Amino acid sequence: MEKKKVLVTGGLGYIGSHTVVALAESGFEPVIIDNLSNSDPSVTDRLQDILGYRPFVYLEELRDRKTLLEIFKEHNFHGVIHFAASKYVGESVSNPLKYYKNNVDGICSLISVMLEYDVKSIVFSSSCSVYGNSEEQPVTEDMFRYYPPESPYGHTKQIGESMLEEFSRAYGLKCFSLRYFNPAGAHPSGSLGELPDRKESNLFPLMCRAAVDPEYQLTVFGKDYETPDGSCIRDFIHVCDLAEAHVRALDVLEGSKESYYQILNIGTGKGTSVLECIQEFSRSNDIEVNFKIGERRKGDVVKVWASTDKAERTLGWKTKRGLDEICKSAFTWYKEVKKL
Ligand SMILES: NC(=O)c1ccc[n+]([C@@H]2O[C@H](COP(=O)([O-])OP(=O)(O)OC[C@H]3O[C@@H](n4cnc5c(N)ncnc54)[C@H](O)[C@@H]3O)[C@@H](O)[C@H]2O)c1
């Protein structure tokens, strides 16, 4: 039987590449479009090593409508997972135009071509950054409806959610907006993960660096927040658990005959402080992390973790991997990619 093809925009990126693997493992055929603006061509080779075959990869710009039309003509897509976006909060403050152009135009271009080819199912990468600073924890999907965004990046995710909700109603699309919490960790093979040395790194690549580079010290931004140990609290989710949620989401959309729109939190439901995270990283990898306490960083949310009830109910999915697995896999990948 022919495999169902799924277009993965941004499929050479961190979360996209892990989702490509999860899709292939579940019997789908992923087709990637990525303009390499925040990824490396070597990811295709790495995917080939894991999958045992070379996936279809178009090194193209998502907003180029002509290219997109050709790709849709070439493949009969069952659905789309839309990761391609610019994602750096700080950069979005200094260059908001880049963010509105890429993240909002990207959705318009994609949806218009999907409609032309009658492809109805789409899973959209949203973010817990849409919750801003909420007093109540864990956050539930309906707790917020458009707080002032913390950054232009967060605003583009709010806009994306609204657009997709309206498009679902108007054009009969079937859509999930998945609000990711803090993806971390890497594929168990050690050959796929979050590329280090990006513009604004997440905590894990920086912790890895602080563990091996004597010249580098990790800064923990603030130890005077109203949390048990004074550092910020996040909900760290293993990237492979996150990837699997996308596959479930596509299955659920397939089962729906009518237009459909749902927002789901994709996290573990457990808050971990930055200091606890450093401690667990040291413990599970048996290595010291060189860090110092710095000033609070502007724009950081104090604490956020997910209520996962709705995702568990809707997708029949929950996370399987713990923080120790996140820490170990992140470090194994870091050493592999840095050839240490
Ligand atoms: N990583 C996180 O912490 C996090 C948290 C919440 C939400 N998200 C969202 O999840 C999605 C994926 O995140 P990620 O961490 O894998 O990011 P990433 O930067 O690693 O991956 C995004 C990929 O999209 C590609 N891309 C960007 N714009 C494109 C365009 N116009 N045309 C074609 N390709 C394009 C990039 O080259 C990159 O490979 C993003 O939408 C991001 O905003 C990420």
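The structure displayed is predicted, hence computed values, not measured ones. We count ligands from 1, going down the list as the structure has it; atoms in each ligand are counted the same way.
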Yes or no: does [X] have any heavy atom under 4.0 Å from an atom of ligand 1?
{"X": "Pro183", "value": "yes"}
{"X": "Arg179", "value": "no"}
{"X": "Asp34", "value": "yes"}

Proximity to ligand 1 by part of [X], non-hydrogen separation under 4.0 Å:
{"X": "Asn202", "value": "side chain"}
{"X": "Ser126", "value": "backbone"}
{"X": "Leu36", "value": "backbone"}
{"X": "Lys157", "value": "side chain"}

Which is it for Glu116 and Arg65 under the salt bridge (Lys or Arg N to Asp or Glu O under 4.0 Å) test, yes or no, and what are the steps along the way?
-> CA-CA 11 Å; Glu116 210 151 310; Arg65 187 177 149 76; 2.8 Å; yes
Looking only at distance, does [X] have an N or O less than 3.5 Å from an N or O of ligand 1?
{"X": "Asn35", "value": "yes"}
{"X": "His82", "value": "no"}
{"X": "Phe83", "value": "yes"}
{"X": "Tyr180", "value": "no"}

His75 vs Phe56 aromatic rings, parallel, tilted or perpendicular, using cut-offs 30° and 60°?
->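 Correct class here is perpendicular.
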